[in-house]
Amino acid sequence: MNSKAYYGEFGGQYVSESLMNTLSELDKAFEEAIRDESFIKDYEYYLKEYVGRENPLYFAERLSEKYGTKIYLKREDLNHTGAHKINNVIGQILLAKRMGKTKVIAETGAGQHGVATATGAALFNMKCKVYMGKEDIERQSLNVFRMKMLGAEVVEVTTGSATLKDATNEAIRTWAKEAEDTFYVIGSAVGPYPYPKMVKEFQRVISKEAKRQILEKEGRLPDAVVACCGGGSNSIGMFAEFIDDSEVKLVGVEAAGLGIETGKHASAMALGEPGVLHGMRSYLLQDNDGNVQLAHSISAGLDYPGIGPEHAYLRDTGRVEYVSITDRECMDALMELCKLEGIIPAIESAHALAYVFKMAEKMTKDNIIVMCLSGRGDKDVHTVAAYLEGKDMNK
Ligand SMILES: *Cc1c(COP(=O)(O)O)cnc(C)c1O
């Protein structure tokens with residue numbers, strides 16, 4: 001196996017022999033594409049004209065005043081389809097077209113990546129199948145309907161726990177059989193190499209813009225950059241351009257669910273046990289026998305039992321600090337952003353915000369925190385309503 005597929009001891013290509021060639025073709029096509037000006041021009045064209053970039057780096061005035069430090073929000077929630085996922089989907093589907101593929105497949109848990117992929121598939125005239133666990137299909141009927149409206153076929157997966165982990169296994173199996181004309185669009189910075197790198201490069205636009213914007217507004221780099229972590233795509237995109245700036249503190253926020261000590265959480269790093277899942281070696285939620293555990297978070301988008309391999313590496317090298325925030329803490333932060341700034345954030349993004357509030361306590365009014373507001377909260381209003389009435393719909 002080639003060593004560039006690794007981030008320290010993490011990453012790699014843990015797939016069946018039949019997929020090794022496919023991955024190496026993909027790697028070659030990707031490396032050529034990102035060096036090709038016409039590909040980059042197309043990608044940037046669709047980000048501007050279709051996604052609506054660049055989006056603002058918004059100075060949250062009332063929050064900053066209340067918490068006594070300057071808080072800036074990178075507004076990925078203002079993208080077409082309401083989150084950062086579309087940046088990556090546009091990149092991957094353009095690559096699929098360049099490789100001559102006519103079909104795309106994707107896995108989805110909460111349905112957000114499924115909707116983004118169905119959107120890109122409609123835009124670029126590709127056939128689209130989305131694998132989704134039966135449990136998730138029942139829980140996320142609105143997103144299932146959106147995908148169908150966009151022309152995608154939603155394939156019900158009934159194996160195992162009938163959730164994201166099983167849908168991913170099914171998508172990988174299908175890909176192994178149909179790779180000739182089919183491109184597998186992965187939704188986060190996870191999976192076998194080159195996916196973690198590809199997703200990082202297609203999400204890098206977040207920190208490219210944010211860095212330029214903060215230099216324009218403040219004339220200096222921020223003291224801290226904060227983002228929430230499910231599989232780790234908005235965070236790796238938000239960190240990418242700051243990794244070499246050692247004076248900028250980088251913080252990734254995982255979901256602590258009901259509390260790490262309860263075992264009902266989605267913090268892949270909390271235990272610090274590496275394992276292999278979905279073609280990669282990384283930190284995973286697992287029991288004492290090494291079986292992958294179901295994640296729990298009130299936020300469906302953070303409900304993934306692993307984390308991208310580069311994050312595992314950035315944790316071990318100490319460049320990024322990883323922390324976690326509970327369901328309750330993130331819901332308090334979510335309501336505060338609604339009331340103080342008139343912005344309804346995704347529950348995922350509210351995890352990052354809750355940690356920003358904690359950090360602000362130790363900072364002064366001249367410090368600057370930049371955080372990635374990864375998505376809007378319209379999709380979450382039912383969950384918020386149920387939470388406020390005292391029940392958690394994702395249980
Ligand atoms: C999917 C999602 C996430 C989590 O995924 P990452 O790959 O970790 O970014 C975070 N925020 C929103 C709004 C999402 O839709």
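In listed order, ligands and their atoms are each counted from 1.
- Between the CG atom in Leu57 and the CZ atom in Arg75 there is a gap of 10.5 Å [rounded to 0.5 Å].
- In this structure, Arg319 does not pair ionically with Asp316, as no charged nitrogen and carboxylate oxygen lie closer than 4.0 Å.
- Ion pairing between Asp181 and Lys101 fails under the 4.0 Å rule for side-chain N and carboxylate O.
- Between Asp27 and Lys4 there is a salt bridge, since at least one side-chain N of the basic residue sits less than 4.0 Å from a carboxylate O of the acidic one.
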Report all N/O contacts between ligand 1 and the protein shorter than 3.5 Å as a table of atom names and distances to 0.1 Å; if there are none, say 'none'.
from     : atom 1 : to     : atom 2 : distance (Å)
ligand 1 : 7 (O)  : Ser188 : OG     : 2.5
ligand 1 : 7 (O)  : Gly232 : N      : 3.4
ligand 1 : 7 (O)  : Ser233 : N      : 2.8
ligand 1 : 7 (O)  : Ser233 : OG     : 2.7
ligand 1 : 8 (O)  : Gly230 : N      : 2.7
ligand 1 : 8 (O)  : Gly231 : N      : 3.2
ligand 1 : 8 (O)  : Gly232 : N      : 2.8
ligand 1 : 8 (O)  : Ser233 : N      : 3.4
ligand 1 : 9 (O)  : His84  : NE2    : 2.9
ligand 1 : 9 (O)  : Ser233 : N      : 3.4
ligand 1 : 9 (O)  : Ser233 : OG     : 3.2
ligand 1 : 9 (O)  : Asn234 : N      : 2.8
ligand 1 : 9 (O)  : Asn234 : ND2    : 2.8
ligand 1 : 11 (N) : Ser374 : OG     : 2.7
ligand 1 : 15 (O) : Lys85  : NZ     : 2.6

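- Here the CG atom belonging to Leu353 is positioned 13.0 Å from the CD1 atom belonging to Ile347, to the nearest 0.5 angstrom.
- Salt bridge Asp245/Lys211: present, at least one basic N to carboxylate O contact under 4.0 Å.
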